[in-house]
Amino acid sequence: KQATGEEDTSVANSLIHLGDDFQKAGRLSEAESVMQQALAIQSKLLSPDHRDVLLMREDLGNLLASEGKLPEAEVQLRLSAENWMKRAGWDFNAMPAIVGLGEVLEKEGKMWDAEVLYRQALTKLEAAGPAASSGDKPETQLVSNLSDVLAREGKVEEARSVIEAYLGGADGKLGAGGSARMNLLTAVAWDSYAGGKLEVGVLLGDELLKTARAQSDAKKMEVLAALDTVARIYEAVGRLDEAVPLFEEVVAGIKGVPDSNDNKSLGEMVVLAQAYQEAGRLTEAQALLEEVLRAYKTKNLSGGTDAVEAQ
C-alpha cells in the first residue's frame with residue numbers, strides 16, 4: 001500500500017498496521033519499507049517529540065536491530081530515547097527506547113556510550129521522585145543494565161557501587177541482611193539472569209546468597225525465591241557444584257511449606273532434574289522426572305506432563 005493522496009494520520013496508521021502484519025509474517029524488509037513511509041508522514045504532520053513519532057521511531061529501530069542494521073537502528077532509537085528524556089518528569093514510554101538503544105550500543109561495542117545512557121536515564125528517573133519508580137520498576141532494569149555494562153568493562157567495583165546505592169547501602173534503610181534488601185537484590189539479580197547479563201549476574205548472585213543466609217525476618221518463600229535465583233545464575237555460568245545443592249534446598253524447602261502450590265513444587269523439581277542432567281547425574285534426573293510425572297497424573301494437574309515427558 002502506497003501513501004498517496006492526502007498524507008494524514010489515518011494513512012500513517014494504515015501503514016503501521018500493515019507493517020505489523022508484515023513483521024508477523026516474517027517479511028521484515030517489507031515491514032521496514034512501510035514503517036519508513038509511516039514515519040515520513042508522521043514527521044511531516046507532527047512535532048519531532050510527539051508521542052506517536054517517538055513510538056514509531058522505537059518500533060522501526062527495534063525492527064532494524066532485528067535485521068542486524070545496527071547503525072540505522074541506533075539513529076532511530078537515539079532520537080526516540082533522547083526526546084523521551086527531554087520531557088518533564090518521567091514518562092514510562094521512555095524505557096523500551098532506552099533499553100533498545102542500550103542493547104544496540106552494547107552490540108556495537110560502544111560500552112561507554114551505553115554506560116552514559118543508563119546513567120542519564122537513572123538520574124532522570126531519580127529526579128522524578130518515588131512515584132516514577134513504581135509499577136514495572138524501571139529503576140531495577142536500569143540498575144541491572146548499568147551494572148552489567150560496568151562489569152563487562154572491567155569496572156567491577158563501580159558495578160558493586162551502583163548496586164549498593166540502589167539497595168540503600170549496607171548501613172542504609174534496607175540494612176545489610178533485611179528482607180527488603182534481599183527482595184530487591186533478588187529482583188535485580190533475576191532481571192540480570194533473564195536478560196542474559198551473566199557478568200553482573202554472578203556478582204549479584206554471590207551477594208544475594210550471603211544476604212539470604214544472613215537475614216532472619218523474611219518469609220520462607222522469599223528466601224527460597226532468592227536461592228532459586230542464585231542457583232539459576234550459577235547453573236548458567238557452569239557452576240553446577242554450587243547450583244545443584246541450592247536447587248535441592250529449594251525443592252525441599254517448597255515441599256516443607258504448608259499449602260505450597262503443587263505446580264510450583266513440581267516445576268522446581270523439573271528444574272532440579274535438568275541440573276542433574278547437566279551435571280551428568282542421569283539416574284537421579286530420571287528418577288526425579290518419573291516422580292514428577294506420577295504426581296502430575298495422580299493429582300490431575302495441567303500443563304506439566306508434556307514438558308516432563310519431553311525431558
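Residue numbers run from 1 in the order of the sequence given.
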Mind running side chain to side chain contact (heavy atoms under 4.5 Å, CB included) on Met182 and Glu222 for me, showing each step along the way?
CA-CA 8 Å; Met182 182 188 69; Glu222 293 175 348; 3.9 Å; yes
List the steps and the verdict of side chain to side chain contact (heavy atoms under 4.5 Å, CB included) for Val244 and Glu284.
CA-CA 12 Å; Val244 169; Glu284 292 166 281; over 6 Å; no
Which is it for Met35 and Leu64 under the side chain to side chain contact (heavy atoms under 4.5 Å, CB included) test, yes or no, and what are the steps along the way?
CA-CA 11 Å; Met35 290 170 73; Leu64 290 165; over 6 Å; no
Passes side chain to side chain contact (heavy atoms under 4.5 Å, CB included), Gln37 versus Val11? Steps please.
CA-CA 10 Å; Gln37 292 178 54; Val11 175; over 6 Å; no
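A side-chain donor from one of Glu290 and Gln286 sits under 3.5 Å from a side-chain acceptor of the other.
Cluster membership for Leu55 and Val99, using ILVMFWY side-chain heavy atoms within less than 4.5 angstrom, is not shared. Under a hydrophobic clustering in which Ile, Leu, Val, Met, Phe, Trp and Tyr are joined whenever their side-chain heavy atoms come within less than 4.5 Å, directly or via other members, Met111 and Val200 fall into the same cluster. Linking ILVMFWY residues whenever their side-chain heavy atoms come closer than 4.5 Å, directly or via other members, places Leu208 and Met221 in the same cluster. Hydrophobic clustering places Leu150 together with Leu142 (ILVMFWY residues linked when any side-chain heavy atoms are closer than 4.5 Å, directly or through intermediates). Val34 and Leu28 fall within a single hydrophobic cluster, where Ile, Leu, Val, Met, Phe, Trp and Tyr side chains are chained together by heavy-atom contacts under 4.5 Å.
For the pair Met269/Ile254, no side-chain contact is recorded, criterion being any heavy-atom separation below 4.5 Å from C-beta on. Side-chain contact check for Leu224 versus Glu268: every heavy-atom pair is 4.5 Å or farther apart. Taking 4.5 Å as the limit, some side-chain heavy atom of Leu240 sits within range of a side-chain heavy atom of Glu235. Counting only heavy atoms from C-beta outward, the side chains of Glu58 and Asn62 approach each other to under 4.5 Å. Residues Leu209 and Leu227 are in side-chain contact: their nearest non-hydrogen atoms beyond the backbone lie under 4.5 Å apart. Side-chain contact between Leu60 and Arg57: absent, with no pair of heavy atoms (C-beta onward) separated by less than 4.5 Å. Side-chain contact between Lys197 and Glu106 is present, with at least one heavy-atom pair separated by less than 4.5 Å. Side-chain contact between Phe247 and Val251 is absent, with no heavy atoms from C-beta onward closer than 4.5 Å.
Checked against side chain to side chain donor-acceptor pair (under 3.5 Å), Glu242 has the following partners two or more places apart in sequence or in another chain: Arg239. Checked against side chain to side chain donor-acceptor pair (under 3.5 Å), Glu158 has the following partners two or more places apart in sequence or in another chain: Arg119.
Screening Lys69, Arg27, Gln23 against Glu32 for a side-chain hydrogen bond (donor to acceptor under 3.5 Å, both in side chains) leaves a single residue, Lys69. Exactly one residue among Leu246, Val250, Val271 makes a side-chain contact (heavy atoms from CB on, under 4.5 Å) with Arg232. That residue is Val271. The only option from Asn145, Leu146, Leu105 that meets the side-chain contact (heavy atoms from CB on, under 4.5 Å) definition with Glu115 turns out to be Leu146.
When all heavy atoms of Val53 and Pro48 are compared, the pair lying nearest together is CG1-O, 3.8 Å. Scanning both residues, Ala226 and Thr186, for their nearest heavy atoms gives CB-OG1, 3.5 Å. When all heavy atoms of Val149 and Ala114 are compared, the closest pair comes out as CG2-CB, 4.3 Å. Residues Leu204 and Ile163 share a closest heavy-atom pair of CD2-CD1, 3.4 Å. Minimum heavy-atom separation, Ser144 to Ser192: OG-OG, 2.7 Å. Counting all heavy atoms, side chain and backbone alike, Tyr276 lies closest to Glu248 at OH-OE2, 2.6 Å.
With Asn83 contributing its side chain and Leu79 its backbone, the two residues share a donor-acceptor pair below 3.5 Å. Distance alone, capped at 3.5 Å, is enough to place a donor-acceptor pair between the Lys124 side chain and the Arg87 backbone. At distances below 3.5 Å, at least one donor-acceptor pair connects side-chain atoms of Ser66 with backbone N or O atoms of Leu63.
With rounding to the nearest 0.5 angstrom, the CD atom of Glu82 is 11.0 Å from the CG atom of Leu77. For the atom pair CG of Leu198 and OH of Tyr193, the computed distance is 8.5 Å after rounding to the nearest 0.5 Å. One distance of note links CG of Leu15 with CD of Gln36; it measures 11.5 Å at 0.5 Å rounding.
Between Lys24 and Asp20, no side-chain nitrogen of the basic residue sits less than 4.0 Å from a carboxylate oxygen of the acidic one, so the salt-bridge criterion is not met. Look at Arg160 and Glu157 and you find a salt bridge, because one of the NZ, NE, NH1 or NH2 atoms lies within 4.0 Å of a carboxylate O, short of that distance. Between Lys210 and Asp206 there is no salt bridge, since no side-chain nitrogen of the basic residue lies less than 4.0 Å from a carboxylate oxygen of the acidic one.
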